[in-house]
Amino acid sequence: MSLRSPRADLVALALLVGLGGVFALFFVLPFAGLVQRAASDGRVLDLAGSREVRAALVLSLWTGAVSTALAVVFGTPVAYWLARTNVRGRSILEALVDLPIVLPPTVAGVALLTAFGARGLVGEPLEALTGFRFTFTTAAVVLAQVLVAAPFYVRAARAGFAGVDAQLERVAYTLGASRVETFVRITLPQARPALLAGVVLCWARAMGELGATLIFAGSLEGRTRTMPLAILDAFERTSLGLSGAVSMSLILLVVALAVLVVFRLATAPEVTAR
Amino acid sequence: MGGLVGVALALGVLSACGSERETLVVSAASSLTDAFTELAAAFEAERGGVQVLLNTGASSALAAQIAEGAPAGVFASANVAQMEVALAEGRGDVWQVFALNRLVVVAPARSEAVRAFDDLAAAGVRLVLAGADVPVGDYARSAIAVADAERPGFAADVLANVTSEEANVRSVLAKVELGEADAGIVYETDAATAGEAVRVVPVPQAYAPSVRYPIAALGRDEAGHAAAFVAFVLAEDGQRILGAYGFTPASGAVGASGAVEAGR
Amino acid sequence: MRLAYDARMRVGAFDYEAAFEAEGEVVVLFGHSGAGKSLTLQAIAGLLRPEAGRISLGDRVLFDSAGGVHLPPQARGVGYVVQELALFPHMTVGENVAFAVQGPRDVRAARVRPLLEGLEIADYEDRLPGTLSGGQRQRVALARALARDVPLLLLDEPFSALDASLRRTMRAELLRLRAEMGLTVVFVTHDLREAHLLADRLAVFDHGRILQFDRREEVFRHPRSRRVAELTGVANILRGVVTGYGPAAGAAVGSAGAPGSAGGLVDVQVGGALLRAPERGWRPGVGSTVDVALRAERINLRRGAPREIADVNLVQAVVEEEHAYGAGFTLRFRALGAGPALEVDLPSRPYEVLGVGDRKAWTLELPPEDLHLMPVEEGAGLPSVAGEDA
């Protein structure tokens, strides 16, 4: 059968449906498994309200929020600068910002130890001066989350700013607007959907942070044991076991779905209005 | 993380099916990592035609994997409780103790915070333990509880100093080696691998629990590799290798699933 | 208000150097894209800093490399409209225009309202730019640029995205605004017709230089060089040799420098034909090579037989090609015997009255006052005299 033959398209269509179906199934099945377990295991719902789960959820939600806020505060100027500058070596800078995205989080954790650990570049003098040590503190959780998650925000924000026509800003200058006013009234509103997408990505990644936190921050209920660590911990514990892991996974799934829906609702009108 | 390794290994085993060389998955407690690496090599050399895939992690994590059906042929646990968990689903019934170990306190060599077991209760000590269901964490908490019986309030002070509950004995040791924690409680055999970086503080004999490692063959063992591996560990060569890594050889206690209380 | 512009800078592959002025008029910067026109507007608006030069508006110095002055765009007070218009998509028409105005809401409204009404877009005040037609958006951009009460308006190809009829309307609108508000306008375009329609004065840009800056008619009828003639659409540029000075030449010497046909006549041999052209203050030596510019629409067609008329400025020719362009025709002629090939534009009516469609052979009359002599540019890489009109 040659590629020209009409049958080729039929075969291709069948192949497409088949491959697409397998792909879709692969993404649906794990979540179906979670739901099925929750339905059949009576302990899952009880555990959802347990002290351990609540402590982990609260810790995850607020550290994720703080990390995202830090990423936005420190990342926005960098993203804008990267989007507008033409300096030599900009691509190298961009690659550096992207680095944590491609590295395993465990590498980030080890790197954080070497910088902020008790014998780290910054950690050792910092402790000598102030007596403060990052390791095993909630601050360490936030550092780990910012390192692995902030690049997702910067990346999205950079693309968002780059998508704002520089001509708009230049014309705003000629209309008498200062650079700050132009950024606030022209650039930010234009980049808003991209920035929001970046915030959601960053927050989701922060919520899911496991490897770097485990290595750099350790795992202690209410202080450093976020949801992903609690899930891992529950999985390896006889008292909670898989029921606890399933319970917390379901909670994260619901939270993630809620965030995605809210995000869609918040950004969709802007996107169509443009 | 042990869970992820387990799943990856399981996939590896599945895909290895049908290849000429047969494989045997041995799930072993983290503290056995070095000793079992050599044991596996020696076993492969002796039996021939079989490849041992070593899956190490907290015994509690391994037991959870096995209970969920991970294809392990042999399970070597750091305590009896986790062995019971693994065998609960009917994957096996008989276990035998093959080694003993001792609990020690480790502290960074450069730190003066902890020089004796009692120092663990001092205010401000950053103590790292393994999770409560991880055998080494379980043993450590029993030792603290026994000490508390003599000196009421001791356990509360020590547990208040816990800054992290690690996933297994090796990460407890790592946190101390790196100097992040002021002290940790691990097995004597693990402490020995850290060398100069840590100072070893003994746990007083009166509080020290007896650390017993049970081993069992799991599931259908058609080729007999699992049973052969268990026998190899219990036999003279196996025991000699374990001894070389600091374990106290023990081929004594035999238990059956559900019939014996976890020994302390 | 008078704009005086003089700037130099290195830009990519070429050295940019331009100077011109504008006062209460429309100055069109004309040339191909990349010639430096938009650059000029950016330098005036303060979006680009030249390396050297001086830019002033009235008695305000906007830029002066010697004095170290470089006002930021915010402080220059000039209106700037770009081809893409750059309307703020998330703001209504009213907000776009009010963006340029400082002060409380009612002050801004008092400024914005008349502008919107004057440009007939008051009905769209609350609409977003994305919902407007091209012409309406154009008016919003103009209103916004004017909202700061600017004396100078910089327009960078603002109408090129519009269709022809809208473009005509907008040009008329611009001329009305200029008259009403006493604006000075600098208008960039690469469209020859647009340049002709709008310009009081015209600056012809090429490779970062102004080749000629003059009154519009002067540029179109008396291009300074072959390149200007090419850029401004002169269809017939003929290479010739000066053979002598005509009968009136002696009289003209006394009034040398007087422009137009008041001077003497120069005889130029072009492809075997003798053309007689006015001196216009320039007397190339006998035997020197010159270029002769003649716009296609200035040539007359005659039926007359050759021997009945004088042979100067007449070429016997036949139609070789004919192109219809709706409003008129472009005819390409080949000389019968001696003479250059020539292109002639003829409106439809004379074309029909003369019956050009039925007759091939014509006598072409090249009016002396429409012939314009230009020095041959050195190193221009032009073909030799012999090959030029073959």
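A, B, ... follow the sequence lines: proteins, then strands. Residue 1 opens every chain. Predicted model, so just to flag it, every value in this text is computed and none were measured.
- In this structure, A:Ser219 contributes its side chain and B:Ser164 its backbone to no donor-acceptor pair below 3.5 Å.
- Using a 4.5 Å cut-off between heavy atoms, A:Leu113 contacts chain B through both its backbone and its side chain.
- For CD of B:Glu112, the number of neighbouring non-hydrogen atoms (other residues, nucleotides, ligands) closer than 6.0 Å is greater than 12.
- Taking each heavy atom of B:Glu166 and A:Phe136 in turn, the nearest pair found is OE2-CE2, 4.1 Å.
- Comparing B:Val162, B:Asn168, B:Val134 by how many heavy-atom pairs each has under 4.5 Å with chain A, the most go to B:Val162.
- Under a cut-off of 6.0 angstrom, the local environment of CD1 in A:Ile92 is sparse, with at most 12 non-hydrogen atoms contributed by other residues, nucleotides or ligands.
- Within the 4.5 angstrom heavy-atom criterion, atoms from both the backbone and the side chain of B:Thr163 approach chain A.
- At a 4.5 Å heavy-atom cutoff, the contact between A:Glu127 and chain B is made by side-chain atoms alone.
- Neither the backbone nor the side chain of B:Ala132 has a heavy atom closer than 4.5 Å to any heavy atom of chain A.
- Taking the side chain as every heavy atom from C-beta outward, A:Glu221 and B:Glu165 never approach each other to under 4.5 Å.
- Annotation for A:Phe132: atom CZ counts as buried by contact number, over 12 foreign heavy atoms lying within 6.0 Å.
- Across all non-hydrogen atoms, the minimal contact from A:Arg133 to B:Ala181 is NH1-N, 4.0 Å.
- Counting non-hydrogen atoms of neighbouring residues, nucleotides and ligands closer than 6.0 angstrom, the CZ atom of A:Arg155 reaches no more than 12 such neighbours.
- Judged by distance alone, the side chain of B:Lys175 and the main-chain N or O of A:Ile215 form a donor-acceptor pair under 3.5 Å.
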